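Data block below; observations after.
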Amino acid sequence: MGARGGSGVYVGRRAAALVAAVLLALLAALLALAALYGRCRGEEAPPAPPSLPDGAAGGAGVPGGPPGVPSWRRLPRHLLPLHYDLELWPRVRPGQAGPFSFVGQVNITVRCRQDTRAAVLHSAGLRIRGAAVRGPLPEPGDAVWGSLPNPGVVVEVPELQEAAGEVAVLELRGRLQAGRRYVLQLGFQGRLEEDLDGLFLTRYTDQGRSSMLIASQLEPTYARTVYPCFDEPAMKATFNIRIIHDPSYVALSNMPAIDTSEMKDENGSLWTVTTFKTSLKMSTYITAFVICDFDYVTRTERGNEIRIWARKEAIKNGYVDYALNITGPIFSFLEDLLNISYPLPKTDLVALPDFGAGAMENWGLMTFQESSLMYLPSDKFTSRKAMIAIIVSHELGHQWFGNLVTMKWWNDLWLNEGLASYFEYLGATFVEPRLSLDKIFYDHVVQPVLREDNEVGVRSLSQNEDKIKGSFSLISLFDSITYNKGASITWMLSGFLTEKLFIKALNVVDAQDEVHLPASVKKIMDSWTCQNGFPVLTLNITTGTISQEQFLNKKNENTSTDSYNNTWIVPISWMRNGSSQPLIWLDKSSKFFPEMQVSESEYDWILLNVNLSGYYRVNYDQLNLKRLVHLLENDPKAIPAVSRFQLLDDVFALTQFGYIQIETALELTKYLAREDELFIWNVVLLNLVPENLESTLKNYEVYPLLKKYLLKRMLPIYHYYAGFIRQNVDALEHDYFAKVYLEKLFATACWLGLQDCLDLSYELYTKWMDNPQYKIPFLIRRTVSCYGVALGSDKEWNFAWEMYNHTDSTKEDKDILLSAMSCAKESWLLHRYLQYGLSDTLFSSNCTSIIISYVVTKDIGHRIAWDFVTENWPLLNERYGKELLHDVLKVMGRFVNTDVQIQELQVFYNTTLEEDERVTATLLLEFAKVENVERRQLLTKVADWLHKNVDD
């Protein structure tokens with residue numbers, strides 16, 4: 001149990017430090033060979049972009065496009081940016097009505113690498129005016145006299161074309177000479193929207209007053225919507241930035257402000273000009289701008305001024321104090337581990353009331369969604385503090401991993417985000433040492449992506465450039481494959497390479513003899529990054545063989561395989577009879593390992609992938625599984641906690657995908673009365689009592705058997721935590737997994753009819769009714785509210801209704817109460833509740849669909865909700881359209897078991913849906929019917945097994 005300390009293998013500070021210290025060197029080494037990693041399946045390196053010929057603009061063009069438009073998505077390398085002088089002027093005053101716009105001027109100093117008569121750079125949605133090219137500029141050592149033209153000489157730009165691919169082409173009258181520097185000068189104008197991308201405006205309320213601010217989000221390719229630029233990660237340059245803004249606002253950018261002055265516009269109105277210090281070389285996507293009237297809190301860490309900006313009321317109430325208190329220590333932690341000082345003199349973190357990206361690592365000016373930085377007193381029993389530490393650590397990690405050392409292009413995004421996602425847990429567990437690194441990493445990172453990375457069509461980690469078409473494809477790369485699989489592969493890589501080898505360049509690693517590798521590091525990594533999915537390893541302890549295949553759903557007849565013959569080069573950490581063994585490698589589809597053959601003793605067992613050091617699942621033969629079951633029943637702590645979690649997660653996934661029978665998975669649950677880890681209990685309950693099937697399971701024979709079997713095993717851990725709830729709930733403040741998973745444990749106990757759970761819920765709910773100022777412990781508030789209403793009558797329901805309408809109820813409070821009111825056991829209360837949902841005066845219009853979705857999932861509610869939807873369909877369709885019906889049908893589908901039920905629903909479709917929609921809905925119902933038949937067969941097997949084992 002988390003409150004008493006875990007039993008998993010702890011990754012110590014020194015070990016974590018060694019891993020962290022080498023990751024930056026690893027990233028640099030990987031990026032140095034990024035072209036190799038992008039060349040999967042033996043491809044040749046992509047050719048360089050074609051040269052622009054000596055004609056007026058070039059020649060090679062996009063079919064149908066104007067002359068001179070380049071035919072490649074990437075910019076040509078004829079010009080490389082060295083420095084930007086950038087001025088931005090958002091024409092916004094406080095309280096002003098839209099529409100809004102911004103104007104600006106950018107002067108880009110470039111180095112010409114190849115003679116050209118065209119300058120090609122990115123621009124999207126901007127109106128460019130007054131384009132000019134000046135130079136060549138004098139070089140250090142040039143004589144002040146001679147044949148060099150004056151740097152003020154203009155290379156005439158007779159035409160500027162905005163072409164497909166978000167590029168602007170400056171056609172030049174003369175030729176730019178290789179080796180010389182020039183300045184591209186462009187004025188521009190753009191629209192300032194409220195869409196949270198590029199440079200945007202957002203509105204919010206602070207201290208009861210309506211306000212607005214301007215901020216930026218430029219990753220991956222939105223810098224080009226703010227100013228014309230060379231908008232690729234590798235095309236770094238230094239920046240001088242100047243922002244013109246209303247005097248009542250403060251302007252922030254990547255570097256510290258070095259000067260503020262005043263200017264008047266054409267109407268004589270006064271504006272403030274804020275000028276910032278010259279930046280280090282950086283990518284365009286991490287340039288950043290914020291214009292606001294926020295307050296801030298500050299501290300200095302090793303000369304680095306750290307400021308956190310937020311709404312004035314949030315600063316006054318201390319909501320960002322926790323984030324401020326951890327930011328400095330994480331910075332110092334990173335500096336010490338990496339032995340590289342943070343190179344900027346200041347760091348601003350800004351809490352934006354509305355921000356689509358969640359958080360962004362802009363160098364020196366990180367931006368966050370408010371909830372990612374603010375810790376309120378009411379968050380005491382939530383996981384918010386840990387989440388803030390994780391998110392802040394991720395963005396601070398990027399100051400090195402991504403900002404200092406940067407990927408060449410977006411197809412290598414996993415190197416950037418995967419390392420930062422791995423590193424966020426090192427930083428978080430440093431400032432919150434009660435968090436268990438291995439448990440939280442497996443629970444939050446590895447297990448979720450293993451559940452996703454097993455479908456046909458899921459992409460590989462490394463993408464080839466030719467598969468990425470446009471900005472939409474780039475944005476789609478910011479997914480759990482990039483973040484979580486990238487972090488998982490990094491975790492695995494850090495396991496089989498030593499610190500010394502991390503630090504060496506990869507081509508040196510392949511020549512070393514300190515750690516035996518079965519192939520070059522590139523070949524090992526290609527097997528994980530260039531093909532989709534991951535392997536399942538099957539161990540036979542009688543023959544000593546381990547085989548591998550791609551983990552796919554064997555029940556799916558359409559399953560297809562990728563190339564590489566579904567073979568990975570797999571590092572296998574393992575233990576035998578509790579003793580760790582030397583790392584072994586599986587580098588072919590099947591391999592014999594004599595050390596894997598065991599004796600006839602039931603105490604001779606093998607465990608693979610200890611503490612999830614590798615990104616794969618394990619399928620054991622029946623003999624080894626039988627021995628592991630025996631071990632768990634007698635000494636569960638002989639297997640590390642993370643490995644117990646993994647063992648259970650694997651067997652349920654193997655069952656779901658047709659590798660093993662459900663009875664095999666159930667055997668591993670017999671020991672659970674001795675399991676005291678909440679995160680392990682959670683994975684069991686998610687598989688045995690999935691939330692979306694609770695109401696369905698009660699209609700089957702399996703329910704009373706499951707109730708008896710599970711409650712017998714749940715009682716020890718339930719009573720442990722119930723004791724804290726009754727006597728000293730504050731003791732759970734630092735139990736992370738109690739904050740995250742205790743609700744599921746209590747909800748299941750009450751659902752199974754555990755009398756103590758029902759009594760406790762009604763007792764706490766009644767206490768709240770007697771004193772509305774009393775706060776039900778947040779850890780189980782949703783469960784208590786639901787069963788408080790379910791065990792009562794209209795009196796309890798009416799109290800929930802009253803509290804819902806209370807003026808100081810938070811959004812989360814209201815959602816808990818919306819759900820609780822659907823738990824009523826008297827059908828007339830549910831009928832009344834649904835009717836309330838139709839009222840514009842009682843609920844906002846968006847609540848009606850939420851009420852229906854809650855009622856339709858309850859035991860007695862699904863039929864009531866369906867009748868309500870059919871009777872009121874014209875009005876509901878007018879408000880919500882087909883989306884509501886689709887959501888209701890997904891739930892109703894769980895109850896479709898016969899042709900008669902399908903026909904009943906079909907009648908409704910025929911009167912409400914268009915023909916194409918009817919066909920789709922019918923197919924969904926037929927699919928649901930097949931699923932339900934399979935579910936009945938599965939539950940019959942579960943019931944048969946429980947009949948035989950319920951009294952064990």
Side-chain angles (χ1 to χ4, degrees), residues 9 491-498 501 509-521 523-528 534-551 564-640 642-644 646-651 653-654 659-660 664 667-668:
V9 173
W491 177 280
M492 180 174 68
L493 187 64
S494 69
F496 71 76
L497 287 180
T498 65
L501 298 184
V509 169
D510 294 333
Q512 57 78 42
D513 57 5
E514 298 170 35
V515 174
H516 175 69
L517 300 177
S520 68
V521 172
K523 188 173 182 181
I524 294 172
M525 291 299 292
D526 276 357
S527 75
W528 294 97
F534 59 88
V536 53
L537 273 54
T538 299
L539 168 66
N540 187 315
I541 61 172
T542 302
T543 62
T545 59
I546 302 178
S547 59
Q548 64 166 296
E549 60 181 304
Q550 187 171 2
F551 184 70
Y564 279 91
N565 299 315
N566 306 108
T567 300
W568 287 259
I569 303 177
V570 186
I572 303 175
S573 61
W574 63 294
M575 65 167 51
R576 182 169 181 172
N577 306 334
S579 299
S580 296
Q581 305 295 318
L583 186 77
I584 60 173
W585 290 85
L586 178 64
D587 55 359
K588 55 186 70 172
S589 59
S590 183
K591 196 171 182 179
F592 168 63
F593 296 94
E595 61 269 42
M596 292 287 173
Q597 290 179 300
V598 299
S599 67
E600 295 182 359
S601 169
E602 65 177 331
Y603 299 100
D604 198 0
W605 52 270
I606 286 176
L607 187 74
L608 303 185
N609 202 14
V610 178
N611 282 316
L612 200 81
S613 54
Y615 184 70
Y616 52 89
R617 294 198 184 277
V618 179
N619 184 14
Y620 296 102
D621 62 3
Q622 287 297 317
L623 178 58
N624 198 55
L625 269 176
K626 184 177 179 181
R627 294 181 180 181
L628 290 174
V629 168
H630 180 265
L631 175 66
L632 286 171
E633 291 184 24
N634 289 277
D635 184 15
K637 297 299 176 71
I639 298 177
V642 169
S643 291
R644 299 199 302 276
Q646 173 201 352
L647 189 58
L648 288 159
D649 189 47
D650 280 355
V651 293
L654 290 164
Y659 288 83
I660 63 175
T664 300
E667 287 289 331
L668 280 168

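The shown structure was predicted, so the numbers you read here are calculated from the model rather than taken from an experiment. Note: hydrogens, waters and symmetry copies are ignored here, and every other heavy atom, side chains too, is used.
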- Item | Ser601 and Ser599: side chain donor to acceptor below 3.5 Å | no
- Query: To the nearest 0.5 Å, how far apart are CD1 in Ile546 and CZ in Phe593?
  - Reply: 5.0 Å
- Query: If we only count heavy atoms from C-beta on, is the Val651 to Asn619 side-chain gap below 4.5 Å?
  - Reply: no
- Message: To check you understand the geometry: which heavy-atom pair defines the closest contact between Asp587 and Thr567, and what is its length?
- Response: O-CG2, 4.2 Å
- Examine distances only and state if a side-chain atom of Trp574 and a backbone atom of Leu607 form a donor-acceptor pair shorter than 3.5 Å. no
- Message: Does either side chain, that of Ser547 or that of Ser590, offer a donor lying less than 3.5 Å from an acceptor on the other one?
- Response: no
- Message: For a 4.5 angstrom cut-off between non-hydrogen side-chain atoms, does Leu539 reach Asp621?
- Response: no
- Query: Has the side chain of Tyr620 got a donor or acceptor atom that lies under 3.5 Å from a matching backbone atom of Ile541?
  - Reply: no
- Message: Rounded to the nearest 0.5 Å, what separates atom CD1 in Ile606 from atom CD in Gln597?
- Response: 9.5 Å
- Identify the two heavy atoms, one from Pro535 and one from Gln548, that lie closest to each other, and give their separation to 0.1 Å. CB-OE1, 3.9 Å
- Item | Aromatic centroids of Tyr616 and Phe534 separated by under 6.0 Å | no
- Identify the heavy atoms of Asn609 and Ser613 that sit nearest to each other, and give their distance. OD1-N, 3.1 Å
- Indicate the atoms forming the closest heavy-atom contact of Leu654 with Val618, along with that distance. CD1-O, 3.4 Å
- Item | NZ (Lys591) with more than 12 external heavy atoms under 6.0 Å | yes
- OH/Tyr659 to CZ/Arg617 distance, rounded to the nearest 0.5 angstrom? 10.5 Å
- In terms of heavy-atom contacts, does OH of Tyr603 have more than 12 from other residues, nucleotides or ligands at under 6.0 Å? no
- Is the backbone of Leu612 close enough, under 3.5 Å, to the side chain of Trp491 for a donor and an acceptor to pair up by distance? yes
- Asn624 side, atom CG; Gln622 side, atom CD - distance, nearest 0.5 Å: 10.5 Å
- Item | Any donor-acceptor N/O pair, Ser527 side chain to Ile569 backbone, under 3.5 Å | yes
- Message: Rounded at 0.5 Å granularity, tell me how far CD1 in Ile572 sits from CG in Leu537.
- Response: 5.0 Å
- Query: Looking only at heavy atoms, which two atoms of Val610 and Pro640 are closest? And how far apart?
  - Reply: CG1-CG, 4.5 Å
- Message: Please list all pairs meeting salt bridge (charged side-chain N to carboxylate O under 4.0 Å, His left out) that have one or both residues in residues 599-616, counting only residues at least two apart or in different chains.
- Response: Arg576-Asp604
- Quick one: are Leu625 and Glu667 in side-chain contact, heavy atoms under 4.5 Å? no
- Message: Tell me whether Asp635 contacts the main-chain N or O of Leu631 through its side chain, where contact means a donor paired with an acceptor under 3.5 Å.
- Response: no
- Message: Can you give me the closest heavy-atom contact between Met596 and Ile584, atom names plus distance?
- Response: CE-CD1, 3.3 Å
- Message: Quick check for you: to the nearest 0.5 Å, what is the distance between Trp605 atom CH2 and Asn577 atom CG?
- Response: 6.5 Å
